[in-house]
Amino acid sequence: MKFARLGTPGAEIPVLVEGDRYLDLRPLTSDVNGDFLAGDVAARVAAARDAGELPELPDAAGMRIGAPIARPSAVICIGMNYAAHAAESGSEPPTIPIIFLKTPNTVVGPNDTVTIPRGSEKTDWEVELGIVIGARAAYLDSPDEAMAHVAGFVAANDVSERDFQMAVSGGQWSKGKIAFGFNPTGPWLVTPDEVDHRALGLRSFVNGEPRQDSNTSDMIFPVEQIVHHLSQYVTLEPGDLILTGTPQGVALSGKYPYLAPGDVVEIEIDGLGRQRQEFVAWEAQK
């Protein structure tokens, strides 16, 4: 199944996407949030659809696409999870997952405009597979238990400011990751039965020119290991978002310029959709 949220920011309508049809999920839930995703969400939605309880949403194709999940309680990220990206960053591949955090207000719609932070000279793009949690996970005994706690997958752009991340970090990365809107997500949340998360092509483009082109099979730490590892340190709640790292081909490599106002970034992941953001300069609020 594919879930999406359509409408203006803060007033998105949850929908089930079936081809070119958008079925209104409001008879079941007010939003695509943790309460909705907990348990066997696919069975509940299928039953309601088959019973004719989900009306088609009129004019859906013309509506803004929001992030496919409501604001999560946590956004947890894995760094350096592709060996070639670690190399282009000047680092050895990690032997245990590197973890950093983004704030929930980084999560925005897949096609929303992104503001380059004030003073930024090194804003960068990162296409990433995102994991959405569907059942509380704490101290899992093995990676084999992980998928029972996953509601689905999303495409995400882990936008980063490299100078904030590294030069003025104080030893951690989050300063370069937490500007508002630095996590365009979607367009869809896709349930695990719809995609093979172990072999998804993921790509990025800047102003139409290819940048990243890799596959989730190249991850150092796969999805199951990531969820298991995180559960040893944090209780993952339904609706939480985990970003799993980015492959090589970012501006940090030195091969490409950093983003400037007017640049357009597009990312895509097989089966999870495509997103597009225009980057604009920061302006003081009036």
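For clarity, every value in this text was computed on a predicted model and none was experimentally measured. One-based numbering along the sequence shown.
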Linked, directly or transitively: V127 and V154 (ILVMFWY side chains, under 4.5 Å) | no

S214 side chain to Q212 backbone, donor-acceptor under 3.5 Å = no

Any donor-acceptor N/O pair, T191 side chain to G152 backbone, under 3.5 Å = no

Going hydrophobic residue to hydrophobic residue with side-chain gaps under 4.5 angstrom, can you get from L200 over to I78?
-> yes

Spacing of CG belonging to L243 relative to CD1 belonging to I76, to within rounding of 0.5 Å | 10.0 Å

Would you say F180 and T115 make side-chain contact, with heavy atoms under 4.5 Å?
-> no

With rounding to the nearest 0.5 Å, note down the distance linking CE in M147 to CG in D193.
-> 9.5 Å

Enumerate the residue pairs fulfilling ring pair (Phe, Tyr, Trp, His ring centres under 6.0 Å) with a member in residues 191-229, sequence neighbours excluded, ordered by first and then second residue.
-> F153-H197, H229-Y233

Side chain to side chain contact (heavy atoms under 4.5 Å, CB included) between T216 and Y82: does it pass, once the steps are laid out?
-> CA-CA 9 Å; T216 58; Y82 291 77; 3.9 Å; yes

Residue that, paired with F3, satisfies side-chain contact (heavy atoms from CB on, under 4.5 Å) out of V15, V41, V17 | V41

When you check the gap from the basic side-chain N to the acidic O, do R274 and E266 get nearer than 4.0 Å?
-> yes

Which distance, rounded to the nearest 0.5 Å, do you find between the OH of Y22 and the CE of M63?
-> 10.5 Å

Are R49 and E18 ion-paired here, with the side-chain N under 4.0 Å from a carboxylate O?
-> yes

Can you tell me if E12 uses its side chain to pair, donor with acceptor, with the backbone of G10 under 3.5 Å?
-> yes

Check for a donor-acceptor pair, side chain of N215 on one end and backbone N or O of D218 on the other, with a separation under 3.5 Å.
-> no

Please lay out, stage by stage, how E88 and V250 fare under the test side chain to side chain contact (heavy atoms under 4.5 Å, CB included).
-> CA-CA 9 Å; E88 74 177 357; V250 296; 3.2 Å; yes

R26 versus P14: any side-chain heavy-atom pair under 4.5 Å?
-> yes

Steps toward side chain to side chain contact (heavy atoms under 4.5 Å, CB included) verdict (R71, D31) = CA-CA 10 Å; R71 183 174 293 191; D31 213 338; over 6 Å; no

After noting the C-alpha distance and the side-chain angles of Y256 and V206, does the key distance pass the side chain to side chain contact (heavy atoms under 4.5 Å, CB included) rule?
-> CA-CA 10 Å; Y256 308 109; V206 177; over 6 Å; no

Could you grab the distance from atom CZ of R276 to atom OG1 of T113, nearest 0.5 Å is fine?
-> 9.0 Å

Donor-acceptor contact below 3.5 Å, side chain T235 vs main chain A138 = no

Look at the side chain of W188 and the backbone N and O of G271, then say whether any donor-acceptor pair between them is shorter than 3.5 Å.
-> no

Roughly how far apart are L202 CG and D270 CG, rounded to 0.5 Å?
-> 8.5 Å

Is a side-chain N or O of R44 found less than 3.5 angstrom from the main chain of F36, in a donor-acceptor match?
-> yes

Could you give the distance from OG1 (T244) to CD1 (I242), rounded to the nearest 0.5 Å?
-> 9.0 Å

Do Q275 and N157 have side-chain atoms, one donor and one acceptor, less than 3.5 Å apart?
-> no

Are L236 and V132 connected in the hydrophobic side-chain network, where two residues link if heavy atoms are under 4.5 Å apart?
-> no

Do E224 side-chain atoms and D144 backbone N/O form a donor-acceptor pair below 3.5 Å?
-> no

Look only at the side chain of K102 and the backbone of C77, and say whether a donor-acceptor pair between them is shorter than 3.5 Å.
-> no

Salt bridge between E161 and K122, side-chain N to carboxylate O under 4.0 Å?
-> no

Quick one: does D124's side chain have a donor or acceptor within less than 3.5 Å of a partner on A251's backbone?
-> yes

Electrostatic pair K177-E126, nearest N-O below 4.0 angstrom = yes

